[in-house]
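Report on the structure given below.
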Amino acid sequence: MSEWNNVEIICIGNELLIGKTVNTNAHWLAKRITVLGMKVRRITVVGDDLDEIASAVREAISRKPRFIITTGGLGPTFDDKTLEGVALGLNLRLEENEEALRMIREKYERYYAEGRIDSCEMTPHRVKMGRLPEGAKPLPNPVGTAPGVFLEHENIKMIMLPGVPDEMKSIFDESVAPMIREASGNLTFYEASLDVRNLPESELAPMLDVVMHDNPYVYIKSHPKRSEGTSHLELHFSTTSDDPKIARQRIERAILQLSEMIKRKGGTITPVKD
């Protein structure tokens, strides 16, 4: 049975594994998905290897999330292997998709008309971006040439996005966010943070246990910080509800209870602004 509000992210690219590129895509996606009311349960990073991509896809499917979102590897070069890897993992054929090829052709014709490229010929490398797993649908790319890809498999919505951040974000906001918003219904994610000083984390820990017990719908995470030579803690409060007012009240109640406990121990509290 599918976990109705779970999302898994698979990031693809050797550059992520060797430390050349910081995985900002995963950070951005996790934040956006959470705000839209779904839960990111796992983020996996694999290289530009067909077997690794296929294995990651099969493992994610075995956990039955509602969505699987991949980033990276949709371009025209030899190391862009995501679609082939996904097809391998699902035992599907790759086939030229007429709608995807049309999107790509129109984009190159526009670039040619604008003088940005010397030819709009549909070379084998450009056609490669229009070869999708059978049954898949292309998603418009407002920024670049490679379309995003949507595929439904065993009631799991699978979305393949480019690795270029601007392209990934634009396709997500235009085509993917509405799917996630519809799937999450009216769920609202609400969060707030406090900066706590003059109280060791070891003394704060039992207070967190009490407050989370008394406020079961609120998750509290402590993050040790250091600034200007002074150690302190940031407490992050979060909850999800189908009623924004209830979500806010839950957080406010938990913050009030914990703040009173911290003050009694001589700690100081400051709200953290985003």
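The structure displayed is predicted, hence computed values, not measured ones. Note that the numbering runs from 1 along the sequence shown for the chain.
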* Do L50 and V45 belong to the same hydrophobic cluster, where Ile, Leu, Val, Met, Phe, Trp and Tyr are linked whenever their side-chain heavy atoms lie under 4.5 Å apart, directly or via other members? -> no
* T44 side chain to I10 backbone, donor-acceptor under 3.5 Å -> no
* Show your working on salt bridge (charged side-chain N to carboxylate O under 4.0 Å, His left out) between R110 and E106 and close with a plain yes or no. => CA-CA 6 Å; R110 196 183 86 196; E106 289 178 354; over 6 Å; no
* To do: Examine I180 and L139 and state if one hydrophobic cluster contains both, with Ile, Leu, Val, Met, Phe, Trp and Tyr joined whenever side-chain heavy atoms are less than 4.5 Å apart.
  => yes
* To do: Might you confirm whether atom NE2 of H27 has over 12 heavy atoms from other residues, nucleotides or ligands at distances under 6.0 Å?
  => no
* Which is it for L204 and I262 under the side chain to side chain contact (heavy atoms under 4.5 Å, CB included) test, yes or no, and what are the steps along the way? -> CA-CA 8 Å; L204 182 64; I262 290 172; 3.9 Å; yes
Would you mind writing out the side-chain donor-acceptor pairs for residues 85-93 within the sub-3.5 Å range, not counting sequence neighbours?
from	atom 1	to	atom 2	distance (Å)
R93	NH2	E134	OE1	3.3

* In plain terms, say whether R32 and D173 are close enough for a salt bridge, that is, a side-chain N and a carboxylate O under 4.0 Å apart. => yes
* Asked: Considering only heavy atoms from C-beta outward, does the side chain of L29 approach that of T71 to under 4.5 Å?
  -> yes
* To do: Any chance you could pull the hydrophobic cluster mates of M122, using side-chain heavy atoms under 4.5 angstrom and chaining through other members?
  => L101, I104, Y108, Y111, Y112, I117, V127, M129
* Asked: How would you list, by chain and number, every residue that makes a side chain to side chain contact (heavy atoms under 4.5 Å, CB included) with T21, sequence neighbours excluded?
  -> E15, L16
* Any ring-ring contact (aromatic ring centres under 6.0 Å, His included) involving residues 137-159? Give me the pairs, sequence neighbours left out, ordered by first then second residue. => none
* Intermediate values then yes/no, side chain to side chain contact (heavy atoms under 4.5 Å, CB included), E234 and V196 -> CA-CA 6 Å; E234 181 179 317; V196 180; over 6 Å; no
* Asked: Residues in side-chain hydrogen bond (donor to acceptor under 3.5 Å, both in side chains) with T123, at least two apart?
  -> none
* Is V149 reachable from M103 through a run of I, L, V, M, F, W or Y residues, each pair having side-chain heavy atoms under 4.5 Å apart? -> no
* Asked: Roughly how far apart are I69 CD1 and I159 CD1, rounded to 0.5 Å?
  -> 5.0 Å
* In Å, rounded to the nearest 0.5 Å, how long is the span from CG of L194 to CG of L233? -> 11.0 Å
* **The single option from K64, K39, R63 passing salt bridge (charged side-chain N to carboxylate O under 4.0 Å, His left out) against E8** => R63
* Asked: Is there a donor-acceptor contact under 3.5 Å from the side chain of K107 to the main chain of G144?
  -> yes
* CZ on F237 to CD on E191, rounded to 0.5 Å -> 12.0 Å
* **Shared hydrophobic cluster, Y219 / I255 (ILVMFWY, side-chain heavy atoms < 4.5 Å)** => yes
* Structure fact -> Contacts satisfying ring-ring contact (aromatic ring centres under 6.0 Å, His included) that involve residues 127-149 (not counting sequence neighbours) are none
* What residues, two or more places apart in sequence or in another chain, satisfy side chain to side chain contact (heavy atoms under 4.5 Å, CB included) together with D49? -> D51, E52
* Heavy-atom side-chain proximity of S241 to I246 below 4.5 angstrom -> yes
* Side-chain contact test, heavy atoms from C-beta onward, threshold under 4.5 Å: evaluate it for V57 versus I68 and give yes or no. => no
* Under 3.5 Å, is there a donor-acceptor pair between the E201 and S222 side chains? -> yes
* **Residue pairs passing the ring-ring contact (aromatic ring centres under 6.0 Å, His included) test where at least one lies in residues 172-216, sequence neighbours excluded** => W28-F172
* **K221 side-chain N/O to L235 backbone N/O, donor-acceptor pair under 3.5 Å** => no
* Asked: Heavy-atom count around E182 CD within 6.0 Å, excluding the residue itself: above 12?
  -> no
* Structure fact -> So NZ of K157 and CG of L151: to nearest 0.5 Å the spacing works out to 11.0 Å
* Asked: side chain to side chain contact (heavy atoms under 4.5 Å, CB included) with A100: which residues, sequence neighbours excluded?
  -> N97, L132, P138, P147
* Any pair counted as ring-ring contact (aromatic ring centres under 6.0 Å, His included), so long as it reaches residues 117-146, sequence neighbours left out -> none
* Interatomic spacing from OG1 in T70 to CE in M168 - rounded to 0.5 Å -> 11.0 Å
* To do: Using distance alone, with no hydrogens and no angle criterion, decide if N6 and R66 have a side-chain donor and acceptor under 3.5 Å apart.
  => no
* Residue list, side chain to side chain contact (heavy atoms under 4.5 Å, CB included) with E167, at least two apart or on another chain -> N141, V143, P162, V164
* Given the rule that I, L, V, M, F, W and Y join up when any side-chain heavy atoms are under 4.5 Å apart, are V218 and V210 in one cluster? -> yes
* I would like to know whether R131 and E95 meet side chain to side chain contact (heavy atoms under 4.5 Å, CB included); could you show each step before the answer? => CA-CA 5 Å; R131 299 185 70 238; E95 57 186 18; over 6 Å; no
* To do: Return yes if some donor-acceptor pair links the side-chain N/O of N198 with the main-chain N/O of T268 below 3.5 Å, else return no.
  => no
* Ignoring hydrogens and angles, tell me if any N or O in the side chain of T188 forms a donor-acceptor pair with the backbone of D243 under 3.5 Å. => no
* To do: Using the side chain to side chain donor-acceptor pair (under 3.5 Å) rule, collect all pairs that involve residues 250-264, keeping only residues at least two apart or in two chains.
  => D214-Q257, N215-Q257, T239-R250
* Between T77 and D79, is any side-chain donor less than 3.5 angstrom from a side-chain acceptor? -> yes
* Do you know which two heavy atoms are closest between G13 and D48, and how far apart they sit? -> CA-OD1, 3.4 Å
* Where is the tightest heavy-atom contact between A56 and V46, given as atom of each residue plus distance? -> CB-CG1, 4.0 Å
* Check I53 against G47 and note the closest heavy-atom contact, atom names and distance. => CG1-O, 3.8 Å
* Locate the shortest heavy-atom distance separating I171 from G148; write the atom from each residue and the value. => CD1-N, 3.7 Å
* What pair of heavy atoms forms the shortest contact from K128 to G75, and how long is it? -> NZ-O, 3.0 Å
